[in-house]
Each structure stands twice: as C-alpha cells, then as structure tokens.
Amino acid sequence: QAFRASLYITFTAFALDFIFKLFYNTNPVNEVTYLLTFIYFFILFLIIRLTLEIFIRTYIKNEEERRSEINILKDQENYRREFLGNISHELKTPLFTIQGYILTLVDGGALKDKKVREKYLRRAAKGVDRIISIVKDLDLITQFESGIKTVDRSEFNIFDLVDNVFDLLEFESEKNNISLKLENNNNSLIYVNADQERILQVLTNLIVNSIKYGSDNGYTKVIVEDFNKEKVIVRIIDNGEGIEEEHIPRLFERFYRIDKNRSRKKGGSGLGLSIVKHIIEAHNEQIFVKSEIGVGTEFSFTLSKPKF
C-alpha cells in the first residue's frame, strides 16, 4: 500500500511539473520534449504499476495459501491430539476395570470363593467386550476410509428393514419409556438399492441414539418419503433433549461427545455416528441433521431407488 501511494505521488508530481512547464514555456521544441518525456514516463508508470500489481497479487495469494496450510496443519494437530486423548480415555476405563477385578482375584484371595470369582470374571469380561467393540468399530471406519470396505447393493423394502430394527429394539424402547412409530399411511412398499446389512446398522445406530436421549414418554418416529425422482429420504425424528447448534458440525467425528459424562453413562463407544456417516458416504448418499433444544432432533439420509 505504501509503495503504491509513493508511486502515485511521484506520478502526480511529475504530471503537475509537466503542466506547469507546458503553460509557462514558449519554446515549441521544449514543449515536444516535455510531451515525449511525459509519454515515456506514463508508459513506464503503467509498466511499473502492472508489474507491481501482479507481484502484490501473487504475494498475497501465496501468503493466503501458506496461512491456509498452516491453519490446516494446526487443525490436524488439534484433531490428532484430541483423538489420541479420547481413544486413550475410552480404552483406559475398561482396561482399569479389567485390571481391578483380575488383581482382586489374584491378590485378594477371591479365587477361592466361587460366587465372587464368577462375578468378578463376568465384570472383567464386560470390559473385554467393550474394548473389542471399540477396536472393531475403529477397524470398520479405517476400512471405509481406505476403500477396503465396499457396499454390497441389493434391492429391498425399506419398511421391512425398519420393522426389523423396531423388533430388535423393542425391549430397549420399553425400558426407556419411548414409543417407536413408523409412518406408512398407505401401507405401501418402498424399495431401495443399497447394502441391506449396512443400512440396518445405520438405522440401528440412529434409533438407539434416539431412544437413549429421548424424553420420558417420548417417541422415535421413522418416515420414508421421496427426495427426488432417483432417491428417497429416511427421516428419524424424536422429541428428545435436542442438540445445541454449536455441536452439530462435529457430531460425526470419532469419539466426539456433546456431554462426555452423560454420554459415557449411557454407554456406547462414541463411534456410532462416525460409522453411520462413513456407510452413507460409501453409498454416495447424503446425511442431514436438524435439532432444537427442548424440541427434538431429526437425522435423515438419502438412498437410491432401484433402476427398472
């Protein structure tokens, strides 16, 4: 900016000097000389100005790219640090549980008591199951990200799949006092082209979350409707606690929890939504989230219709 200003000042001073000499000079030869000098200087000014502008724009662009790269590296470093902290915490809890029960059995003499021994071993086994679940979920995400895991498409009725999920989660929903609803007013059949096993996993994860964080005497409702000519949209709606807007962009990150203490009490590995996102993206489909505190949450995703 300072160099640009000095360039304009120099040009203005030269132009004023030229005008002054042009008006107060009576020699025609000098007038021609002054005019040619002014033209040469003007051309030189334009060349310098264009060169300067190109240089400045290139410099600014490179600087912005450099800063953008630095910001990306910082974000990646923060994500890596947060991810390592989260995974260490998720693994530490069951590991310490297992360690506590095993050491009690070994050092505390509880091995002689059959009832205590079986009780402690069952609890230790739960810790092992939790670690296995976390490792399996991480492995599945890695396979999707690396392209090893692909989708095995087939045509199936999406309503049948939702009914299967409702049957599997009937006990869980009754325990949490949540009613499960499927809206299909016309008793119609809606077929989709997708990996049935993976979509079952998506529906299960989303409906389980809806039940866990639902309101007492609340509901979880599934609606399937046309998204466009080629796709349908599956909507999972509840009237639960809702999610603050600031958390929504990070919901699908691995181990991200809105309220860490509350979420861990509810169980789960913290990887469910990340798996959901990877499965939907592997289908080349979209997933959406809408939520309002005290009103409820809606997760929805698209699926392709069969091509007849």
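Start at 1 with the first residue, then count along the sequence. Computation of the quantities below employed the complete heavy-atom set of this structure, encompassing side-chain atoms and omitting hydrogens, waters and symmetry-equivalent molecules.
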Could you see if [X] belongs to whatever hydrophobic cluster contains [Y]? Use Ile, Leu, Val, Met, Phe, Trp, Tyr and a side-chain cutoff under 4.5 Å.
X: Tyr219; Y: Ile207; result: no
X: Ile275; Y: Val135; result: yes
X: Ile287; Y: Leu251; result: yes
X: Ile223; Y: Tyr191; result: no
X: Phe301; Y: Ile243; result: yes

Measure the [atom1]-[atom2] distance between [X] and [Y] for me, rounded to the nearest 0.5 Å.
X: Asn217; Y: Asn177; atom1: CG; atom2: CG; answer: 4.5 Å
X: Lys126; Y: Arg130; atom1: NZ; atom2: CZ; answer: 12.5 Å
X: Ile199; Y: Ser154; atom1: CD1; atom2: OG; answer: 10.0 Å
X: Leu180; Y: Leu169; atom1: CG; atom2: CG; answer: 7.0 Å
X: Leu161; Y: Ile190; atom1: CG; atom2: CD1; answer: 13.0 Å
X: Ile280; Y: Leu303; atom1: CD1; atom2: CG; answer: 6.0 Å

Closest heavy-atom contact between [X] and [Y]?
X: His283; Y: Asp195; answer: NE2-N, 3.0 Å
X: Phe159; Y: Glu183; answer: CE2-O, 3.9 Å
X: Ile211; Y: Glu172; answer: CG2-O, 3.9 Å
X: Asn176; Y: Asp216; answer: O-OD1, 4.4 Å
X: Ile178; Y: Ser215; answer: CD1-O, 3.0 Å
X: Phe156; Y: Ala194; answer: CE2-O, 3.4 Å

Please work out which of the three classes, parallel, tilted or perpendicular, describes the rings of Tyr120 and Tyr101, given edges at 30° and 60°. tilted
Should we say atom CD of Glu225 is surrounded by more than 12 heavy atoms from elsewhere, each under 6.0 Å from it? yes
Is there a donor-acceptor pair under 3.5 Å between the side chain of [X] and the backbone N or O of [Y]?
X: Glu285; Y: Ser304; result: yes
X: Thr142; Y: Leu138; result: yes
X: Arg235; Y: Ser300; result: no

Verify side chain to side chain contact (heavy atoms under 4.5 Å, CB included) between Asn209 and Phe299, making sure each step is shown before the conclusion. CA-CA 10 Å; Asn209 280 349; Phe299 282 87; 5.9 Å; no
Begin with the C-alpha distance, continue with both residues' side-chain angles, and end with the deciding distance and a verdict on side chain to side chain contact (heavy atoms under 4.5 Å, CB included) for Val234 and Leu206. CA-CA 11 Å; Val234 182; Leu206 293 178; over 6 Å; no
Donor-acceptor side-chain pairing of Thr302 and Gln286 below 3.5 angstrom: no
Starting from the C-alpha separation in whole Å, work towards a yes-or-no answer on salt bridge (charged side-chain N to carboxylate O under 4.0 Å, His left out) for Lys305 and Asp226. CA-CA 9 Å; Lys305 296 178 183 179; Asp226 284 338; 3.0 Å; yes
With heavy-atom distances below 4.5 Å as the criterion, would you say the side chains of [X] and [Y] are in contact?
X: Leu203; Y: Ile236; value: yes
X: Tyr213; Y: Thr297; value: no
X: Val289; Y: His247; value: no

Apply the test side chain to side chain contact (heavy atoms under 4.5 Å, CB included) to residues Leu271 and His278: give CA-CA distance (whole Å), side-chain angles for both, the deciding distance (0.1 Å), then the verdict. CA-CA 11 Å; Leu271 295 167; His278 279 84; over 6 Å; no
Check step by step if side-chain hydrogen bond (donor to acceptor under 3.5 Å, both in side chains) holds for Gln143 and Asp139. CA-CA 6 Å; Gln143 289 183 50; Asp139 182 55; 2.7 Å; yes
